[in-house]
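First comes the structure, then the notes that go with it.
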Protein chains: 2
Amino acid sequence: MANNLGLSIDRSSPVPLYHQVVQGIEAAIYSGVLEPGSRLDNEIDLAAQLNLSRPTMRKAMDELVRSGLLVRKRGVGTQVVSSQVRRPLELSSLYDDLTNNGKKPTTEVLSFSHLEADDPTLATLQLPAGSKVYHFTRLRKVGGKPLALMENWVRDDIAEMDEAMLGAEGLYSILRRGGVNFRLATQRIGAMTANDYQASMLDTPAGSALVTMERTAVDDTGRRVETGHHVYRADSYSVEMTLVQR
Amino acid sequence: MANNLGLSIDRSSPVPLYHQVVQGIEAAIYSGVLEPGSRLDNEIDLAAQLNLSRPTMRKAMDELVRSGLLVRKRGVGTQVVSSQVRRPLELSSLYDDLTNNGKKPTTEVLSFSHLEADDPTLATLQLPAGSKVYHFTRLRKVGGKPLALMENWVRDDIAEMDEAMLGAEGLYSILRRGGVNFRLATQRIGAMTANDYQASMLDTPAGSALVTMERTAVDDTGRRVETGHHVYRADSYSVEMTLVQR
DNA sequence: GCAAAACAATTGTGCTGACATTAAGACTTT
DNA sequence: AAAGTCTTAATGTCAGCACAATTGTTTTGC
């Protein structure tokens, strides 16, 4: 069963070979060339077809297995899992998610200040006493409808920002342009009921359900860059993720 | 800086070498031998110290980077990230999580039946028309306090189960003992307010906040094994996860 | 005819070697 | 003294090989 998935490898490209393979197979799965449940050729043949070594091929398949798109079984082969199983949660911001889905989010900056951090913030961001941070609250709307109320604290020695920038683009894109390379984030998701302030801002009745998220992001040098406490209208937002068994 | 982390490798063990290294370094981090922020020796030296090849060492470090315990930077080295950043969410059940944390959960089976699945369930579990499934609702308490109200549908051609088993142990452990090897699951987390029934079962006021979770689990042969809709008291439950940038 | 044993196919683990790329520091030059 | 340049050290990528472990199939033996 030679499943000729028409992917080609560009050896002069700066993007690593295994990553090209990942992208190629992903595209084949999402476009339907590789149907859910179908078996791939074995690693050695696939590598030969693309003129790659087996380790390179394996590294590509490793990533796809990790992300839940493929399933391998020793002695048997490799299968495409059901297409309905979506991609795992990645480190992205709400703003990115929305724009990637073709929505046009708007951001209203409700407050903005540059001040000395209080003790909990110092501890969360692991800053020395007396450090200053940016503190701001934003309201995000999609299609005119309020979706999220966000409060953030950002260390100030890493990027410049002001109210106008925050109103025009997402926090993460500002930070990335300022040279921050995000590595990981921890977040906690829970629920609460809307108080009067939240209800009025989000245009929903007091007492309605909200999704809460607390997040702290770390950059590639280990610095805690940003922490935030966000609430979302539960009728318009939920978090989807794929868990992969190790 | 030779950071002598006293880990030893057992070449006669059936557990893969790279996995032994992963466990060793994890243990060193959690025990404090490797302090947050400290730099590791470079890959080649580390491999030499343990009499391993560099690819094996790298594979171990890859896993630790993926799970968010280490941070690498080309040309610089590898660092231990802050210890406060916890492990990523894994594919485990609530029951497992609780018992692992020393709690003693109890389960009350509220209803149990073995019947033909309705259309949405057939679609979710990808079963042919007329298939039968187990359907049951359970109430989980910890320390006598209700925590979760759970409704599940399980395909019946994969494991036998009855009311008594569900009252005595977790669903996932029943399925695992029945030979199911879980591979991945998709879940969606959101929020809602408690209706009268939920409120009375969970011993909380009507209208209080609940965390909702919908999950569908897939086994290693690609079959949809189980799907469920759970609600948790928001004052006792939240989901924590670590997101790693790829 | 059936069960056990041998075989083939496939992924899993591990090694050696080579070169590319990036980042930081040391050095030189202006 | 400041700026640019070279060197060095570390991770990133890729090739090729060998053997182990597991699973499904085929053959063999009773």
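First the proteins, then the strands, lettered A, B, ... as listed; each starts at 1.
Between R39(B) and dA24(C) there is no side-chain polar atom (N or O) within less than 4.0 angstrom of OP1 or OP2. Applying the 4.0 Å criterion to OP1 and OP2 of dC14(D), one finds that K59(A) has every side-chain N and O outside that range. Applying the 4.0 Å criterion to OP1 and OP2 of dG12(C), one finds that R72(A) has a side-chain N or O inside that range. For T56(B), no side-chain nitrogen or oxygen approaches OP1 or OP2 of dT13(C) to under 4.0 Å. Listed pair T78(A) / dT10(C) fails the phosphate criterion, with no side-chain N or O lying under 4.0 Å from OP1 or OP2. At dT13(D), one or more side-chain N or O atoms of Y18(A) fall inside 4.0 Å of OP1 or OP2 (strictly under the cut-off).
A straight line from CE of M61(B) to P of dT13(D) spans 14 Å, rounded to a whole angstrom. For K73(A) and dG24(D), the NZ to P distance is 6 Å, given to the nearest whole Å. Following rounding to the nearest Å, E63(A) (CD) and dG12(D) (C1') show an atom-to-atom distance of 13 Å. Rounded to whole angstrom, the span from the CD1 atom of I44(A) across to the P atom of dC19(D) amounts to 14 Å. Here dT10(C) presents its P atom at 14 Å from CE of M57(A), a figure rounded to the nearest Å. When rounded to the nearest whole Å, the span between CZ of R58(B) and P of dG17(C) equals 18 Å. Rounded to whole angstrom, the span from the CG atom of D41(A) across to the C1' atom of dT11(C) amounts to 14 Å. Regarding D45(B), its CG atom lies at a distance of 10 Å from the C1' atom of dA10(D), rounded to whole Å.
Between the side chains of T78(A) and R72(A), no donor N or O sits under 3.5 Å from an acceptor N or O. The closest side-chain donor-acceptor pair between Q20(A) and D10(A), if any, does not fall under 3.5 angstrom.
Considering only side-chain atoms of P55(A), the nucleotide from dC17(D), dT16(C), dT23(D) that sits closest is dC17(D). For E43(B), the side-chain atoms get nearest to dT11(D) when compared with the rest of dT11(D), dA15(D), dT11(C). Side-chain proximity of N42(A) to dT11(C), dT23(D), dC15(C): nearest is dT11(C).
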Indicate every side-chain donor-acceptor pair of residues 114-123 of chain B with a distance under 3.5 Å to a residue at least two apart or in another chain.
{"unit_1": "H114(B)", "atom_1": "NE2", "unit_2": "D156(B)", "atom_2": "OD2", "d": "2.8"}
{"unit_1": "D118(B)", "atom_1": "OD1", "unit_2": "T121(B)", "atom_2": "N", "d": "3.2"}
{"unit_1": "D118(B)", "atom_1": "OD1", "unit_2": "T121(B)", "atom_2": "OG1", "d": "2.5"}

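Checked by distance alone, R54(B) brings a side-chain donor or acceptor within 3.5 Å of a matching partner on the base of dG12(D).
Contact annotation: the side chain of E214(B) never approaches that of T227(B) to less than 4.5 Å [non-hydrogen atoms, C-beta and beyond].
Using a 4.0 Å heavy-atom cutoff across all strands shown, P16(B) reaches sugar-phosphate atoms only and no base atom.
Mapping G75(A) and S53(A) onto DNA chain D via the closest heavy atom, the residue that lands nearer the 5' end is S53(A).
In this structure, P105(B) and R140(B) approach most closely via the heavy-atom pair CB-CD, 4.2 Å.
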